[in-house]
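Chain letters run A, B, ... following the sequence lines, proteins first and then strands; every chain starts at 1. No hydrogens, no waters, no symmetry mates; every other heavy atom, side chains included, goes into these values. Since we're looking at a predicted model, the values are computed, not measured.
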Amino acid sequence: MRWSKYFILTQKEAPKEAETISHKLLIRAGLIDKLSAGVYTYLPLGLRVLKKVENIVREEMDKAGAIELLMPSLQPASLWKETARLEKMGKDMIRFIDRHNREMIFGPTHEEVITDIIRRYIKSWKQLPIILYQIQTKFRDEIRPRFAIIRAREFLMKDAYSFDLDEDGLDKSYNLMKETYKKIFKKCGLKFNIKEAESGVIGGKFSEEFVAEGECSELEVGHIFKLGLEYSKSMKAYFVDKDNQEKPVYMGCYGIGVSRIVAAVIEGNYDENGIVWPLSIAPFLVDIIPTNIGDSNIVNISEKVYNQLKMNNISVIIDDREESAGVKFKDADLCGFPLQIIIGRKVKDNKLEVKKRKTGEIVEIAIDKVLEYLISFIELEMKELN
RNA sequence: CGGGGCGUAGCGCAGUCCGGUUAAGCGCGCUUGGUUUGGGACCAAGAGGUCCUCGGUUCAAAUCCGAGCGCCCCGACCA
């Protein structure tokens with residue numbers, strides 16, 4: 001990607017409404033843009049991060065044997081009357097009356113919809129256990145949206161639902177998801193603690209939450225619940241067991257705030273110069289900085305390195321703007337690219353500099369050795385996140 | 001929803017108390033030209049405003065009064 005042709009709008013100063021560090025940096029690095037309270041656009045750079053998190057989540061869920069589907073955001077309120085949650089959720093749900101005078105809602109969560117599917121498709125013990133999940137935009141009219149995307153009214157969530165024959169099965173599914181969550185958060189470079197939690201409106205008997213470490217007091221990035229028979233009974237999701245008896249399915253549900261992870265990772269990975277992305281979710285791994293684009297030698301070498309990295313599938317952006325070196329350094333640090341390749345005063349010795357964002361360490365490398373240096377560094381770092 | 005704060009150019013602010021040549025200003029950013037080129041360069045010339053909205057007071061309102069809207073922070077709730 002060429003910086004000059006991309007859409008990155010960095011800012012020297014954060015808007016005064018931003019108080020938490022992730023909020024300030026998300027705005028300053030040009031990752032998000034506010035449309036309304038708790039409603040944000042993911043700008044191109046922010047979207048790249050969001051997609052990377054999403055893919056890590058998807059990959060690990062798939063590995064655990066969960067199956068992806070996509071349910072609608074738009075739901076008939078009638079479904080929610082079956083579980084009495086229309087009242088319980090109250091004003092947190094965004095509702096409206098459609099032109100046919102039907103009451104509709106925008107899904108804040110999907111227990112009702114998934115249980116409706118299960119009760120119609122799952123008829124036999126032979127079809128269980130199963131875990132289904134989706135990655136989807138959720139709508140909650142929060143009493144108080146805050147800290148930008150940490151608590152938004154519209155946000156991206158991965159929600160999974162497990163269905164088992166009995167309590168033992170539920171325990172197994174639950175533990176599988178718990179282990180999967182640990183892997184996901186580790187891969188995202190997130191330090192976290194697991195705490196027993198209140199189940200709230202989701203219900204069920206037992207739940208634990210994954211709380212990201214960081215200064216910001218807010219999620220909690222993940223929450224897993226043993227729902228038991230609560231929904232299957234109220235919505236009549238029964239299967240026929242081996243002994244020809246109709247039994248309710250044992251359910252669990254498992255949420256991850258995908259967009260919240262983006263903010264949580266920043267809360268735990270920044271310094272005075274900006275964001276320090278873990279390699280796994282960085283928008284670009286490498287930022288190539290030609291210090292002076294008026295110098296054709298520098299430009300040529302930069303373009304060569306750029307093409308070389310692209311051909312080797314290393315995600316790279318080249319800062320080909322007509323800006324001073326200082327501006328490029330500041331932007332590179334702010335945006336948090338893990339590696340900066342500085343091409344400038346060392347070219348006379350056939351060298352360039354590789355700066356590691358996390359440590360600030362700068363290594364001089366021969367130009368024709370840079371690819372292998374990067375590959376081994378990236379491999380090493382990625383291994384640590386596994 | 002209770003408590004607190006804010007709303008002036010894209011961002012950060014001054015001006016508001018004490019109404020009037022500050023007859024809308026500063027820094028950053030933006031445009032053009034030139035000089036620069038290793039940590040947010042310099043010089044010059046520019047563009048950019050419903051002073052949140054509506055109403056009221058007044059000869060005169062960014063400034064005073066009223067209502068509304070929006071945004072942020074603390075609390076209860078949540079991924």
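Counting atom types as modelled, Arg28(A) pairs no side-chain N or O with a base atom of rC11(B) as donor and acceptor under 3.5 Å. At a cut-off of 3.5 angstrom, counting only N and O atoms as typed in the model, there is no donor on one side facing an acceptor on the other between the side-chain of Lys346(A) and the base of rG38(B). Between the side chain of Glu17(A) and the base of rG7(B) there is no donor-acceptor pair of N/O atoms closer than 3.5 Å.
Distance noted for atom P between rA41(B) and rC54(B): 41 Å (whole Å). Across the P atoms, rC17(B) and rU22(B) are found 15 Å apart, a figure rounded to whole Å. Nucleotides rC13(B) and rU53(B), compared at atom C1', are 23 Å apart to the nearest Å. Across the P atoms, rA67(B) and rG29(B) are found 42 Å apart, a figure rounded to whole Å. The same atom, P, is picked in rC42(B) and in rG20(B); the two are 35 Å apart, to the nearest Å. Straight-line distance between the C1' atoms of rA23(B) and rG49(B): roughly 15 Å, to the nearest whole Å. As rounded to the nearest Å, rA14(B) and rA24(B) have C1' atoms that lie 12 Å from one another. Taking atom C1' on both nucleotides, rU35(B) is separated from rC51(B) by 38 Å, rounded to a whole Å.
Taking the six-membered ring for Trp and thresholds of 30 and 60 degrees, Tyr40(A) and His23(A) have ring planes more than 60 degrees apart, a perpendicular arrangement.
Annotation: cation-pi pair Arg48(A)/Phe284(A) present, NZ/CZ under 6.0 Å from the ring centroid and within 45° of its normal. A cation-pi arrangement, defined by a distance under 6.0 Å to the six-membered ring centre and an angle within 45 degrees of its axis, is present between Lys226(A) and Tyr174(A).
Close to rC72(B), at under 4.0 Å from its OP1 or OP2, lies no side-chain N or O of Arg146(A). For Arg140(A) and rA79(B), the shortest distance from a side-chain N or O to OP1 or OP2 is not below 4.0 Å. OP1 and OP2 of rG40(B) both lie 4.0 Å or more from every side-chain N or O belonging to Thr10(A).
In a base pair of the Watson-Crick type (N1 to N3 plus N6-O4 or O6-N4) or a G-U wobble (N1-O2 and O6-N3), with each distance short of 3.5 Å, rC30(B) is matched with rG46(B). Figure legend. rA41(B) is base-paired to rU35(B); pairs are counted as Watson-Crick or G-U wobble with both atom distances under 3.5 Å. Across every strand in view, rC71(B) sits in a pair with rG5(B) that passes the Watson-Crick or G-U test at under 3.5 angstrom. Within the shown strands, nothing qualifies as a pairing partner of rA60(B) under the Watson-Crick or G-U definition with both distances less than 3.5 Å.
Distance check, rounded to the nearest 0.5 Å: CD1 of Ile135(A) to CG of Leu50(A) gives 9.5 Å. Here the CD1 atom belonging to Ile298(A) is positioned 10.0 Å from the NZ atom belonging to Lys348(A), to the nearest 0.5 angstrom.
A heavy-atom distance below 4.5 Å is found between the side chains of Pro283(A) and Phe337(A). The closest side-chain heavy-atom distance from Leu339(A) to Val354(A) is below 4.5 Å.
Taking a 4.0 Å limit (strictly below) on heavy-atom distances, residues 279-294 of chain A reaches RNA chain B at Thr291(A), Asn292(A).
Residue Asp331(A) is classed as a base contact, given a heavy-atom separation below 4.0 Å to a base.
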Contacts under 3.5 Å, N or O only, protein and nucleotides 25-30 of chain B:
residue	atom	partner	partner atom	Å
rG27(B)	N2	Glu13(A)	OE1	3.3
rC28(B)	O3'	Lys12(A)	NZ	3.3

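Nearer the 5' end of RNA chain B, as judged by each residue's closest nucleotide, is the contact made by Lys16(A), out of His223(A) and Lys16(A). Heavy-atom distances to RNA chain B give each of Lys91(A) and Phe210(A) a nearest nucleotide, and the one nearer the 5′ end belongs to Lys91(A).
Under the ring pair (Phe, Tyr, Trp, His ring centres under 6.0 Å) criterion, Tyr250(A) pairs with no residue, sequence neighbours left out.
Surrounding NZ of Lys356(A) are more than 12 heavy atoms belonging to other residues, nucleotides or ligands, all under 6.0 Å away.
Remark: ring of Phe155(A) stacked against base of rA79(B); centroid gap under 5.5 Å, plane tilt under 30°.
For Phe225(A) and Tyr254(A), the ring centers are positioned 6.0 Å apart or more.
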